[in-house]
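Here is the structure we will look at, set down as structure tokens.
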Amino acid sequence: MNIFGALNEVFYNDILFVYMDLRLYNTLTRKKEIFRPLKNKQVGIYTCGPTVYWYQHIGNLRSYIFPDILKRVLSLNGFKIKHVMNITDVGQLTSNADEGEDKIEKAAAEEGKKAKDIADYYWQIFRDDFKKLNIIEPDIWTKATEHIKEQIELIKKLEEKGYTYKTDDGIYFDTGKFKDYAKLAKLQIEGLEAGKRTEMRDKKNKTDFALWKFSDKPGKRQQEWQSPWGLGFPGWHIECSAMSMKYLGDSFDIHTGGIDHIPIHHTNEIAQSEAATGKKFVNFWMHGAFLVFKGKKISKSKGGLYTIAELEEKGFSPLAFRYFTLTAHYRASLDFSLENLGAAQNALENLKQTILELKNDNETGADPAMTRQMEEKFLEAVNDDLNMPKALAILWEVARHKKLPYFQKRELILKFDEIFGLGLKEIKASSVPTEIISLVEQRKILRKEKKWQEADEIRQKLEKIGWMIKDNNTGTEITKIKQDNP
Ligand code: AMP
Ligand code: ZN
């Protein structure tokens, strides 16, 4: 028994784990709650995906590593998952105030391409990043432009129930009619300045938002559709309500997104969904904190706005970035710098090296009680609202453990990696002999101490015995010098 209640056992990817109650922080209640799905062991999850008008930066990607960890932890707890993620390919405007240009239309005009090609191109790159970061893809990808009918149906339902009104630029949701509008964000509506969060124009309340926008000059936009209210396109928020409910039902278990979505996008999703169905929309709202640079949101002007490809060009591996994100809790902001990422890359390299050193040469002395104790500690950490920094510390405790036999350590580390997703199983044993690695390590220390001459002597010695070394951003590359045939 432990603080979470009775112990259970479960197989995940054919590996036996013990498990305990999973507790997740729910933004709705501002509390950690024991997670129970609406339907048996089936969990419906919806994640707000990106607007695919440009490359996703590493901040955006942090917001998708967190639901990936969530999914792995849910699976570990024996839950079956149906994960839906949208791709916004219409309707998100350059301003949150239902004004400005449609981001996809703007990119298409600037790049001289079709809106669909822009969206498909950047979506594909996003999926490539998923692969590189070992993020499990959603079961269903949904595109806003492929669900116009569902969005129109939902707006019609809201209209029938009297939640909408018309202005000269669109159909708006009347937030004054929805009693609990501020419940997720705990917004102080009174204090909101009109014009800051949303422009007033001819809206009834400053928090009202567009469900359908009229094309101001028909034919000017590439993407516009006929609707009962005229030619136009859907507002950004309605797509997530329409598509999540289509695939997961009127009420589902978990909705994830970045914290910036709490006050507007998710608040609006709840209002329009619950107004339409009269049912509770989502049980658990989970939000990931930002990746920051020198304490500020990463941005073009402040810095830190890298893509995964740009980090790769600088010699960092995508999985080093994944490791880096695991060093902070998903609800804490994480300070990005190339130095911090470098430290994460070194830690990951050390971990890989440790695994390689854990040879299967000591099959005796297994200590099942110790394994179970470590597993329980690990599960307690991940089931405590996905506490990955703590889980990483336990991983290192196992790696450095003085008493656990090698093979048992290896087994545990690989088991834990089912959650971390660092691809540790794929690490191939190096063909470099340990004496050579040890010389390279000695040289590394000498270089750190700025003992250049002694370090160079080791390099020469290595060359003499047939090993070439090359320093790069990720560490030292060791290659065997090809011998000419005699
Ligand atoms: P967007 O395409 O702007 O809607 O952003 C896609 C996702 O990335 C959203 O869930 C945002 O909350 C999230 N996001 C944007 N910037 C950051 C950041 N600096 N750190 C973490 N997540 C972010
Ligand atoms: Zn959304």
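In this chain, residues are counted from 1 in sequence order.
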Just checking, any donor-acceptor pair under 3.5 angstrom between side chains of [X] and [Y]?
X: Glu269; Y: Ser241; answer: no
X: Thr307; Y: Gln56; answer: no
X: Thr142; Y: His147; answer: no
X: Asn77; Y: Asn383; answer: yes

Rounded to the nearest 0.5 Å, how far apart are [atom1] of [X] and [atom2] of [Y]?
X: Ile270; Y: His265; atom1: CD1; atom2: NE2; value: 11.0 Å
X: Leu386; Y: Leu74; atom1: CG; atom2: CG; value: 8.0 Å
X: Asn340; Y: Leu334; atom1: CG; atom2: CG; value: 7.5 Å

Salt bridge (Lys or Arg N to Asp or Glu O under 4.0 Å) between Lys444 and Glu441, intermediate numbers included: CA-CA 5 Å; Lys444 220 190 259 173; Glu441 287 300 315; 3.3 Å; yes
Geometric cation-pi criterion Lys41 and Phe79, 6.0 Å radius, 45° cone: yes
Arg23 to Phe35 six-membered ring, cation-pi geometry met (6.0 Å, 45°): no
Take the angle between the ring planes of [X] and [Y] and call it parallel below 30°, perpendicular above 60°, tilted in between.
X: Tyr330; Y: Phe66; value: parallel
X: Phe252; Y: Phe281; value: perpendicular
X: His287; Y: His266; value: tilted

Heavy-atom pair with the smallest gap, counting every atom of Ile65 and Arg322: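 Where Ile65 meets Arg322 most closely, the heavy atoms are CD1-CA, 4.1 Å.
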Residues, nucleotides or ligands: over 12 heavy atoms within 6.0 Å of Lys246 NZ: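 Correct, the count exceeds 12.
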Donor-acceptor contact present, side-chain Asn60 to main-chain His57, <3.5 Å: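 Indeed, once roles are kept as given, a pair shorter than 3.5 Å links the two residues.
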